[in-house]
Amino acid sequence: MVVKAAASLELVQETPYRWRIERQGAMRVPGVVFTTRELLPDLSADQSLAQVAAVATLPGVVEAVYAMPDVHWGYGFPIGGVAATDVDRGGVVSPGGVGFDISCGVRLLLAGLHLDRLRPRLTALMDALADAIPRGMGRGAVWRPRGTAELEGILAGGARYAVERGHGEPADLDRCEDRGALADADPGAVGARARERGLEQVGSLGSGNHFLEVEAVTEVYDERIAQTYGLWPGRVCVMIHTGSRGLGHQICTDFVRRMETAMDRYGISVPDRQLACAPVFSAEGGAYMGAMAAAANYGRANRQLLGQATRHAFDRAVGHGDLTVLYDVSHNLAKIETHGSRRLCVHRKGATLALPPGHEDLPPDLRPVGQPVLVPGSMGAGSYVLAGVPDSPAFASACHGAGRRLSRHQAVKTTTAARLRAELQAAGIVVRGASARGLTEETPEAYKDVDAVVDACEGAGLARKVARLAPVGVVKG
DNA sequence: ATGTGC
């Protein structure tokens, strides 16, 4: 089966879950889209697969540019895209391949109680969370760093620094990707404006698709892995989805501009200005990697602080805040990783790291079963926990969510905030803190079906289903 | 995503 797009993209179906974009023109490698016929983006209306083809022209790109089943249009790179470059053969890093929200990701906390025991206190808990979680554009944060030393600590030390300063338990770090901090952060590469913006937002949720949800385990698909993860039916969980706020955004803006002018000097030409890039081993590439890692650490500290604020809210409203971290993982990041014999810069933008069983970067207790892959669905739709699998085909990556289907502009035309609130209430979901605009932009209608996306992810061999979580309360910006 | 737009 071959599908021709207007822009002459040629898609060849290889399996029920895998489609190839044939190499042509300036493409150095093919594209590979992991999806089903039902979820395949409409080539006449959607640019995301054309973006996959454009990314495949970048210097040093290897193997293939991959798209996850939740792929959709993004700045330069598609969201739900994975691209790796060979750093020892002129491979580039591109800020657009990480995205504006550097180290946006998900933390899942597990509570020590069954939903039946939470129900009578749910309203009180949601009120306490609404009180404890700063959210929305700009506005308030859990922690206001004193002077530059504390901000430096956050940029260099991420969640580890937050824990050192009393915001959480050392054991939390065992369940964080990179134990809570990327080692090669360079706070000196973070510009003054990014720092200014960062000072005001340490420990804040933000807006858009960021949220905090109280959920409960409703389905278990893999008993053994679920047991290792501690996911039993009815267990209350808290999912926190946020990133590096204005600081990461400013760093992306600064480096896109800087690389746009640097590309000529390196003899790089790209089909789209939004693919601005520089060799990883260049002044601009190196500075970006250091600043990006610092933003990633800021994002990890952010989720650590919000996790701690969640514990306090549980303490106040439920009487015990014995929340443990299942895992904390980024889905917007570029990392230098070894695959086979090569050192690659793997860009994951709207794609979750999914380490296989046995991987040395996993904590010993999770190593036998693989990394928890946290997949938030659209608002009110539920979320999934998957596990990384051996020999996965996209540099150990999986989907990161349901994936947008309608733009924010289109989304607000489909419903009203009042109607959405009523629908969530009818589904037994308590909503706190959501602005009318924010709520309507996030209508589930604007997203793909997370169940179908996760099934495609599993069918494609990217990850394995472990458990499904259903929301009972949501805090939004 | 974002002091939402050069």
Side-chain angles (χ1 to χ4, degrees), chain A residues 48 51 68 70-81 94-107 134-141 144 190-212 240-258 260-261 273-274 276 291-292 294-296 298-300 302-303 306 329-334 347-352 376 378-379 400-413 434-443 446-447 475-477:
Chain A
S48 61
Q51 290 189 311
M68 302 292 117
D70 51 333
V71 68
H72 56 110
W73 180 89
Y75 180 91
F77 285 56
I79 296 162
S94 173
V98 172
F100 278 89
D101 194 2
I102 296 166
S103 197
C104 183
V106 179
R107 170 172 297 222
R135 60 191 177 275
M137 288 288 286
R139 296 198 281 191
R144 166 75 215 215
V190 177
R193 221 164 148 198
R195 284 162 180 268
E196 274 170 40
R197 293 177 69 173
L199 277 171
E200 313 287 338
Q201 298 179 321
V202 188
S204 64
L205 197 59
S207 59
N209 68 355
H210 289 169
F211 66 78
L212 180 150
I240 298 169
H241 179 203
T242 186
S244 55
R245 309 289 276 95
L247 179 131
H249 190 276
Q250 190 64 50
I251 288 170
C252 184
T253 303
D254 292 347
F255 277 93
V256 165
R257 194 167 302 153
R258 197 166 150 191
E260 271 179 353
T261 59
R273 300 293 285 173
Q274 297 184 355
M292 178 208 68
Y298 184 98
R300 278 106 183 259
N302 191 21
R303 289 194 290 275
L306 293 185
V329 65
S330 301
H331 51 230
N332 282 4
L333 205 59
H347 301 72
R348 293 185 185 84
K349 180 186 190 181
T352 309
S378 57
M379 183 173 57
H400 87 307
R404 217 170 234 292
R405 199 172 61 80
L406 303 178
S407 70
R408 294 180 186 284
H409 188 72
Q410 289 171 306
V412 296
K413 290 191 276 190
S435 67
R437 177 83 189 185
L439 206 65
T440 46
E441 284 181 351
E442 292 301 311
T443 175
Y447 284 84
V475 179
K476 282 194 75 71

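Summarising the geometry, the separation between CZ on Arg135(A) and C1' on dT2(B) is reported as 19 Å, rounded to the nearest angstrom. Between the CD1 atom of Ile251(A) and the P atom of dT2(B) there is a distance of 14 Å, rounded to whole Å. In this structure, CG of Asp254(A) is placed 16 Å from P of dT2(B), rounded to the nearest angstrom. Atoms CD (Gln250(A)) and C1' (dT4(B)) sit 14 Å apart, rounded to a whole Å. The nearest whole Å value for the distance from the OH atom in Tyr75(A) to the C1' atom in dT4(B) is 15 Å. In this entry the distance linking CE of Met137(A) with P of dT4(B) reads 5 Å, nearest Å. We find that CZ of Phe100(A) is positioned 11 Å from C1' of dT4(B), with the value rounded to whole Å. What separates CD1 of Ile79(A) from C1' of dT2(B) is a distance of 13 Å, to the nearest Å.
One distance of note links OG1 of Thr440(A) with CZ of Arg408(A); it measures 10.0 Å at 0.5 Å rounding.
Taking for each of Arg257(A) and Glu442(A) the nucleotide of DNA chain B with the nearest heavy atom, the 5'-most of the two is the partner of Glu442(A).
Evaluation of the side chain to side chain donor-acceptor pair (under 3.5 Å) rule for Arg107(A) yields Gln304(A), Asp328(A) as partners, not counting sequence neighbours.
Side-chain nitrogen and oxygen atoms of Ser207(A) include at least one within less than 4.0 Å of the OP1 or OP2 phosphate oxygen of dT2(B). Residue Arg245(A) places at least one side-chain N or O under 4.0 Å from the OP1 or OP2 atom of dT2(B).
The backbone N or O of Leu205(A) sits nowhere less than 3.5 Å from a side-chain atom of Asn302(A) that would complete a donor-acceptor pair.
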Could you please spell out the steps behind the ring-ring contact (aromatic ring centres under 6.0 Å, His included) verdict for His331(A) and His241(A)? CA-CA 10 Å; His331(A) 51 230; His241(A) 179 203; 5.1 Å; yes
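Within the nucleic acid shown, Glu196(A) has no heavy atom closer than 4.0 Å to any nucleic acid atom. Arg437(A) comes within 4.0 angstrom of no nucleic acid atom, judged by non-hydrogen atoms across all strands. When heavy atoms are screened at a 4.0 angstrom cut-off, Gly243(A) is found touching no nucleic acid atom at all.
The minimum heavy-atom distance between Ala295(A) and Ser244(A), with the atom names listed, is O-CB, 3.4 Å.
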